[in-house]
J.: 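Quick one: structure below, then a few questions.
We name chains A, B, ... by the order of the sequence lines, and we start the count at 1 in each one.
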Amino acid sequence: MNYTVRNLGGVREIDLRGQLTFEANDDFRKIIDGIEKDGITACVLGLDSLDFIDSAGLGLLVLANNTANRANVRLTLKHPRGQVREMIEISEFHTIIHCDF
Amino acid sequence: MDSLAHPLPAASRAGGGQRVLVGHPRRGIGAAVRRVLAGMGVRYVDVAADAGGLLAAVEAEPPDLVIIDRALLRADSGLIETLRAVVGRNELPVLVLGRFASMAERRALMAAGATDLIIRPLTGAELAARLRGHLENRLLNRSLQEVIRSLQTFHTGAVQRMQLARDMQLGLLPDDGLRTGIERRYGVRLDSHFESSSELGGDIWGARPLDDDRFAVFLCDFTGHGVAAALNTFRLHALLEKIDLPGDDPAEMLGAINRLLVGLLPESQFAAMLYAVVDTAADRLTYATAGAPKPIIGVPDCPLRVGESVGLPLGVSMKASYRNRSVEFPPGAFLFLFSDALFEARDWEGRPFGYPGILDLVRQCGPQGNGAPGAGALAGLLDRYFAVMPRPLADDLTALWLTRGTPPPTALLGSG
């Protein structure tokens with residue numbers, strides 16, 4: 001997984017690319033650390049260019065969401081496509097994390 | 001002879017703690033070698049004046065290095081072979097110090113088992129440099145051997161412990177008695193495949209009778225694989241065995257398990273599960289899913305059906321609720337359940353197998369394809385699958401193929 005970060009005021013937009021799996025664990029934990037400690041008010045995870053997510057990747061999204069809730073950061077998943085969208089729908093993650101389809 | 005009364009064991013010595021044995025018939029030169037060694041910081045030096053003394057010293061306390069003066073070999077030309085017979089061919093460095101008459105003599109000494117020849121005359125500094133090289137090499141070799149031995153011991157123990165844990169995990173799955181009991185009682189065939197990506201896995205499946213007409217099957221896949229995921233399968237098994245749960249209502253069942261697992265599982269861990277109840281009197285299959293792959297359902301004379309599947313995985317949120325879905329499931333129908341490894345696994349080129357590929361396999365291997373109804377459809381499907389998919393898979397794979405038998409002709413006549 002690769003990602004780029006843009007900060008617009010208190011809103012952080014992170015575009016994820018590639019595959020969100022266990023291999024992305026270390027990188028994604030840095031993203032979660034940022035949500036917790038950087039004093040942002042909202043975080044948008046752009047999923048347009050994310051090709052694949054597995055259950056470990058969904059676990060990272062749960063972790064990010066729980067961290068965001070604790071830090072009062074509004075977390076949004078934006079534009080999941082293909083397999084990623086299907087996984088989010090099957091797992092009903094849009095019922096616990098705000099998701100812009 | 002110059003030695004400690006109670007030499008330290010070899011493993012407790014390092015660097016200057018190494019033991020060197022010098023074999024020399026002339027006390028003066030022996031003492032000179034000993035001085036060089038002392039200058040290098042070697043504290044334990046034994047000096048033997050003859051072949052008998054040298055062998056006795058080696059047997060009493062194996063040294064880290066043996067230096068034999070060529071003069072000692074005049075009295076006993078087979079000394080190096082005898083020494084090698086005692087200590088082994090490669091274990092102990094044996095150096096021969098002296099002036100050598102010919103290449104043939106040097107060749108013969110090397111062939112007899114000498115590690116190196118140190119040709120006199122040479123300065124004390126040169127001798128020290130040569131000896132230091134051999135002693136450091138010896139120290140590294142011994143340390144390496146001890147590390148390897150320690151790793152081998154750990155590995156052997158770990159393999160034994162893991163095998164025991166794996167046997168325990170396999171013990172969580174339905175045994176042949178339970179399986180054949182369900183097959184006979186309800187007129188079904190239940191084939192299963194359980195394959196962990198490492199010694200232990202995060203999948204578990206089960207089957208249980210409910211009453212004379214109904215039984216339940218489930219497949220559950222905890223996030224990740226390996227030991228941590230396996231521990232969660234033991235948790236689930238214990239909950240299912242010991243707590244009275246609404247086993248005949250899939251949605252209620254998943255809701256109850258979810259409420260038990262929330263707070264019990266670490267934050268980023270959860271389980272995808274499908275729980276199904278087969279009613280052989282009503283010819284219906286009722287199931288609920290929690291983030292599980294869509295089941296594939298086959299009904300005679302109907303197109304293959306991909307069952308709906310939506311629901312939060314278990315253990316994520318206390319607010320999660322689940323829905324029952326009910327489909328026709330007459331005699332001859334089949335239900336194929338599998339963990340996500342089946343379609344997420346990647347082929348040799350790194351491409352995921354994909355859900356459509358699974359549907360193609362089911363069409364080929366199920367009763368509507370070449371496979372006989374229920375007769376090893378799963379085995380045939382997996383044969384074709386693994387013909388193109390490399391093992392081991394990156395995730396745990398569990399697959400269940402349940403087929404309702406068709407009534408025998410006599411029963412049809414009787415009922416008509």
J.: How long is the gap from NZ on Lys294(B) to CD on Glu86(A), to the nearest 0.5 Å?
T.: 4.5 Å
J.: Is any side-chain heavy atom of Phe93(A) closer than 4.5 Å to one of Pro313(B)?
T.: yes
J.: Do Asp54(A) and Asp340(B) have side-chain heavy atoms sitting under 4.5 Å apart?
T.: no
J.: So, taking the atom named CG in Leu63(A) and the one named CD in Glu267(B), what distance separates them when rounded to the nearest 0.5 Å?
T.: 5.0 Å
J.: When rounded to the nearest 0.5 angstrom, what distance separates CD1 in Ile90(A) from CD in Glu308(B)?
T.: 11.0 Å
J.: With sequence neighbours left out, what residues match Glu195(B) under salt bridge (Lys or Arg N to Asp or Glu O under 4.0 Å)?
T.: Arg391(B)
J.: Please state whether the side chain, the backbone, both or neither of Ile53(A) comes within less than 4.5 Å of a heavy atom of chain B.
T.: backbone
J.: Distance from Ser268(B) atom OG to Leu58(A) atom CG, nearest 0.5 Å?
T.: 11.5 Å
J.: Measure the shortest side-chain to side-chain distance between Ser317(B) and Ile96(A) over non-hydrogen atoms and say whether it is less than 4.5 angstrom.
T.: yes
J.: Under 4.0 Å between a Lys/Arg side-chain N and an Asp/Glu carboxylate O for Lys319(B) and Glu92(A)?
T.: no
J.: Give, for atom CZ of Phe270(B) and atom OG of Ser91(A), the distance between the pair rounded to the nearest 0.5 Å.
T.: 6.5 Å
J.: To the nearest 0.5 Å, what is the distance between CZ on Phe22(A) and CG on Asp395(B)?
T.: 12.0 Å
J.: Against the six-membered ring of Phe52(A), is Arg346(B) placed for a cation-pi contact (under 6.0 Å from the centre, within 45° of the normal)?
T.: yes
J.: Within a radius of less than 6.0 Å around CZ of Arg305(B), do more than 12 heavy atoms belonging to other residues, nucleotides or ligands occur?
T.: no
J.: At a heavy-atom separation under 4.5 Å, does Ala292(B) approach chain A through its side chain, its backbone, both, or neither?
T.: backbone
